Amino acid sequence: MTPPTQTQTLYVRHEPLAGRLTIGWLRQHLPADTPLWISLEPRPWLPVRDGRCLTGRLPGLEPLARSLPEGLDDLPLIAASLYMPQQWQHFYDAHPLSGLPGQCITWSLTPLADGCELDTLPKRQQALSWQDRQRFGLGAQHPLPARLETEHYYQNGKRLAWRLIPPEESR
């Protein structure tokens, strides 16, 4: 990790999630800025097609992608993240057993309407992408770059947020 250079003001907004988190719901709520990266975490239960549970890898579902997969709009998600150049969003589905509602947390480098302001210490770090994709049944049709750069934001020693750095911002 690179040492912190100076404080960075982050803006954050929490909003309740209206509806259950699925790929279709997420598709309807994509921001105007096309995300650079999309990360999806499906629910652990198996989706049903034509009265049968689908097992194995779901075609088109990647751990980190540039677009949402087609044909899986009804797939329930636990969480999803959208990474844009100046802003990133984390969506969490409701947890009925614990009573936690679904929510969307938006982090931004620029001011947000109805958002709070936080002073943080940023630290950049390079991360290796998944090198053994074939071992997990993932094809090379959407290859990840060999290295991704991340920026982590700390306040009082605790990591509050992190983001994927767009290639044009990488040093």
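Just the heavy atoms: all of them, side chains too, but no hydrogens, waters or symmetry mates, feed the values below. Since the structure is predicted, the reported quantities are computational estimates derived from the model, not experimental observations.
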Provide the closest heavy-atom pair for [X] versus [Y] in the form atom of the first, atom of the second, distance.
X	Y	result
Ala80	Leu21	N-CD2, 4.1 Å
Pro69	Leu40	CD-CD1, 3.8 Å
Glu151	Pro122	OE2-CB, 3.6 Å

Inset, instruction - Using the six-membered ring wherever Trp is involved, compare the ring planes of Trp25 and His29 and label them parallel, tilted or perpendicular (cut-offs 30° and 60°). - result: parallel

Inset, instruction - Answer yes or no for Arg66 and Trp37: cation-pi contact, defined as NZ/CZ to six-membered ring centre under 6.0 Å and angle to ring axis within 45°. - result: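 Here Arg66 passes the 6.0 Å and 45° test against Trp37.
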
Below 4.5 Å, heavy atoms only, C-beta onward: do [X] and [Y] meet side chain to side chain?
X	Y	answer
Leu17	Pro101	no
Asp93	Leu77	no
Arg163	Tyr153	yes
Leu160	Leu10	no

Kindly compute the distance separating [atom1] ([X]) from [atom2] ([Y]), expressed to the nearest 0.5 Å.
X	Y	atom1	atom2	value
Ser81	Glu41	OG	CD	9.0 Å
Arg159	His152	CZ	NE2	5.5 Å
Gln8	Gln155	CD	CD	13.0 Å
Leu68	Leu30	CG	CG	5.0 Å
Ile23	Asp74	CD1	CG	8.5 Å

Do the side chain of [X] and the main chain of [Y] share a donor and acceptor less than 3.5 angstrom apart?
X	Y	answer
Thr22	Pro76	no
Trp88	Ala161	no
Arg124	Ile165	no

Inset, instruction - Determine, for Glu70 against Arg27, whether the closest basic-nitrogen to carboxylate-oxygen distance falls under 4.0 angstrom. - result: yes

Legend entry - For Leu112, the rest of its hydrophobic cluster, which grows through side-chain links under 4.5 angstrom: Tyr11

Legend entry - Check: Tyr83 ring centroid to Trp162 ring centroid under 6.0 Å: yes

Validation: residues 102-109 side-chain donor-acceptor distances under 3.5 Å, sequence neighbours left out:
unit_1 : atom_1 : unit_2 : atom_2 : d
Thr106 : OG1    : Gln89  : NE2    : 3.2
Ser108 : OG     : Thr110 : N      : 3.0
Ser108 : OG     : Thr110 : O      : 2.7
Ser108 : OG     : Thr110 : OG1    : 3.1

Inset, instruction - Please determine which of Leu64, Leu82, Leu164 meets the side-chain contact (heavy atoms from CB on, under 4.5 Å) test together with Ser39. - result: Leu64

Legend entry - All side chain to side chain donor-acceptor pair (under 3.5 Å) counterparts of Asp119, not counting sequence neighbours: Thr9

